[in-house]
Protein chains: 2
Amino acid sequence: MKTIRILAVDDHEMSTMGYKFILEDTEFDDFKVFVDTAKTFDAAVEKIENSVNSFQYDILLLDIQLSQAVEGPAKTGEDIGIFARKVIPKTKIVFMSSFSDNYRINSILKTVDPEGYMVKTEIDQKSLQAMVLTVLNNPPYYTQKALAAIRKKMANDDIVLDEKDKKILHFLSIGTKTKDMVNHVSLSLPSIENRKRHLKSVFGVEKQNDQALITESRNRGFI
Amino acid sequence: MKTIRILAVDDHEMSTMGYKFILEDTEFDDFKVFVDTAKTFDAAVEKIENSVNSFQYDILLLDIQLSQAVEGPAKTGEDIGIFARKVIPKTKIVFMSSFSDNYRINSILKTVDPEGYMVKTEIDQKSLQAMVLTVLNNPPYYTQKALAAIRKKMANDDIVLDEKDKKILHFLSIGTKTKDMVNHVSLSLPSIENRKRHLKSVFGVEKQNDQALITESRNRGFI
DNA sequence: ATGAAACCTTATATATTCTATGGTTTTTAT
DNA sequence: ATAAAAACCATAGAATATATAAGGTTTCAT
């Protein structure tokens, strides 16, 4: 019988062990599953590299946030995904993330375009099994919370914000004063005001205060 | 026991009857289902209007293409959805469509943002029942083919085309010659050439012919 | 009441995009 | 193989949109 090889990457050993026990104990029709695990970015990359010229994993289960071994730029599950797409493009990638916020999901769906995205609170035995089957045969597999975020994005797909708009929204959301934004956004004060006005009109909160703008951008998944 | 009221709109009576028989025969835990049907745009709108000040439907099942009663601008299920969102915003809307092309799905997801989208070839008893439950309790519900289209869109979300770009791609795909496009796009010939060049660079098919551009835009779900 | 920040307006400057023109290369039909 | 048609490319000037500077008004907190 065919063996499906899975590599589960998560700094919480309990998670990877959970995936391993559940999936290896499941009786699939056409195959059995073997789950390999890795706890760090480096360990995961090494296992992937070793697999390139031999068996190659069928599925990668990636947590997004991994604890850092050394100081420096954060090495996340997203980076593992980007790396894996290059060296083993045929391997299916599924993110297992505690993040259900739109911003993060949107980012992952663009940079890696994974075959699956599961929000951790929605993972259980049944969904894990369904995920494996769907990802292998007829991707993608998204859990409900991921789907809800995706739906929001699709509904607001006509609204396009450039980097400056996003920065303005971000600084606004953390309470930065408009006049202080010139230090962060590389635009003149009137331009920033102008863009804020424009954003308010785009989000349908004309003539309302900044709080309304922040709330609405959050609702639509832009912050 | 609570009754869930559904209005199914489709010009093929076989479809609406199928939904009716299956759903009314299903034993749901907390409710039973009553399915009303309509075969035309006008009949559907009338039933919706009549419901506004009385029971109000819980779910609308809408086919996109409806046969035309009179000549004139096509009145589609999409229009019914837009109308329903205005007069009965709390009613859940699900499209039951033969279209699985990206363009159509993307459009619907923006204009109506329905709680569900089912591609007809994927509809069966089980999926119908799951759809009702999901849409009522935890939307959205999309079938796999719809999901595949949505995934494509999300992965290419950074590429933004305006109306003129879309027209150029469309006319290109139906074999219109570049020089003839000036009659359709309201741009000068050099501008069209320029946009084509730009599109090719955006889609990563620089220095290749138009066929490559068309193929790539199709792959990414823009045509 | 007063100062600070936010908000708005107008004129000018800057940048982007479109067009017109004229050329070169590629394709197509004979 | 060759001539005509279409596609492709480059440049300069026109049109459009966006940013800035300067100055005024409104709003809010103390």
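Chain letters run A, B, ... following the sequence lines, proteins first and then strands; every chain starts at 1. Heavy atoms only: backbone and side chains are in, while hydrogens, waters and symmetry mates are out.
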Pairs of donor and acceptor atoms involving the side chains of residues 80-96 of chain B, under 3.5 Å and at least two apart or interchain, shall be tabulated with distances.
from: R85(B); atom 1: NE; to: V112(B); atom 2: O; distance (Å): 3.1
from: R85(B); atom 1: NH1; to: T91(B); atom 2: O; distance (Å): 3.2
from: R85(B); atom 1: NH2; to: D113(B); atom 2: O; distance (Å): 2.8
from: R85(B); atom 1: NH2; to: E115(B); atom 2: OE1; distance (Å): 2.9
from: R85(B); atom 1: NH2; to: E115(B); atom 2: OE2; distance (Å): 3.4
from: T91(B); atom 1: OG1; to: Y57(B); atom 2: O; distance (Å): 2.7

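Of the residues in residues 208-217 of chain A, not one comes within less than 4.0 Å of DNA chain D through any heavy atom. Looking at residues 173-182 of chain A, you'll see K177(A), T178(A), K179(A) sit with a heavy atom under 4.0 Å from some atom of DNA chain C.
Comparing the local axis fitted to the first five base pairs of the helix from dA1(C)-dT30(D) to dT30(C)-dA1(D) with the one fitted to its last five gives a bend of 50°, rounded to 10°.
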**Annotated protein contacts, base or backbone, on nucleotides 15-30 of chain C with a non-hydrogen cut-off under 4.0 Å, one of B, S, - each** = ---SBBB---------
**Request:** Report, as a single string ordered 5' to 3', how protein heavy atoms within less than 4.0 Å touch nucleotides 24-30 of chain D: B base, S sugar-phosphate only, - not at all.
**Result:** -------
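For K207(A), no side-chain nitrogen or oxygen approaches OP1 or OP2 of dC7(C) to under 4.0 Å. Side-chain N/O atoms of K200(B) include one lying less than 4.0 angstrom from OP1 or OP2 on dC8(D).
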**Asked** When you look at M118(A) and L61(A), which way does the side chain to side chain contact (heavy atoms under 4.5 Å, CB included) test go after all the steps?
**Response** CA-CA 10 Å; M118(A) 305 186 80; L61(A) 306 181; over 6 Å; no
**Message:** Please evaluate residues L147(B) and L147(A) with respect to the criterion side chain to side chain contact (heavy atoms under 4.5 Å, CB included), reporting the C-alpha separation (whole Å), side-chain torsions for both, the decisive distance (0.1 Å), and the verdict.
**Reply:** CA-CA 9 Å; L147(B) 268 185; L147(A) 267 184; 3.6 Å; yes
**Request:** Take T215(B) and V205(B), measure what side chain to side chain contact (heavy atoms under 4.5 Å, CB included) needs, and give me the verdict at the end.
**Result:** CA-CA 10 Å; T215(B) 307; V205(B) 291; over 6 Å; no
**Request:** Tell me, with the steps shown, if D36(B) and R5(B) meet salt bridge (charged side-chain N to carboxylate O under 4.0 Å, His left out).
**Result:** CA-CA 7 Å; D36(B) 209 350; R5(B) 287 176 160 273; 5.5 Å; no
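By the neighbour-count criterion of 12 heavy atoms within 6.0 Å, atom CD of Q56(A) is densely surrounded, having more than that number from other residues, nucleotides or ligands. By the neighbour-count criterion of 12 heavy atoms within 6.0 Å, atom NZ of K47(A) is densely surrounded, having more than that number from other residues, nucleotides or ligands.
Every residue two or more places apart in sequence or in another chain that forms a side chain to side chain contact (heavy atoms under 4.5 Å, CB included) with D101(A) is listed here: F99(A), Y103(A), R104(A). Take D124(A) and apply the side chain to side chain donor-acceptor pair (under 3.5 Å) test, not counting sequence neighbours, and it matches S127(A). The side chain to side chain contact (heavy atoms under 4.5 Å, CB included) test applied to N53(A) returns no partner, not counting sequence neighbours. Under the side chain to side chain contact (heavy atoms under 4.5 Å, CB included) criterion, E122(B) pairs with V119(B), T143(B), Q144(B), K145(B), not counting sequence neighbours.
Sequence neighbours left out, the pairs with a member in residues 201-223 of chain A that pass ring pair (Phe, Tyr, Trp, His ring centres under 6.0 Å) are F203(A)-F222(A). Applying the side-chain hydrogen bond (donor to acceptor under 3.5 Å, both in side chains) rule to pairs touching residues 166-180 of chain A yields T178(A)-K196(A), sequence neighbours excluded.
Side-chain atoms of V160(A) and D162(A), non-hydrogen and from C-beta on, never get closer than 4.5 Å to each other.
Here dT18(D) presents its P atom at 14 Å from CD1 of I168(A), a figure rounded to the nearest Å. Atom-to-atom, CG of N183(B) to P of dA6(D) comes out at 12 Å; the value is rounded to the nearest Å. Between R197(A) atom CZ and dA17(D) atom P the separation is 18 Å, expressed in whole Å.
Summarising the geometry, atom CG belonging to L136(B) is positioned 9.0 Å from atom CE belonging to M131(B); distances are rounded to the nearest 0.5 Å.
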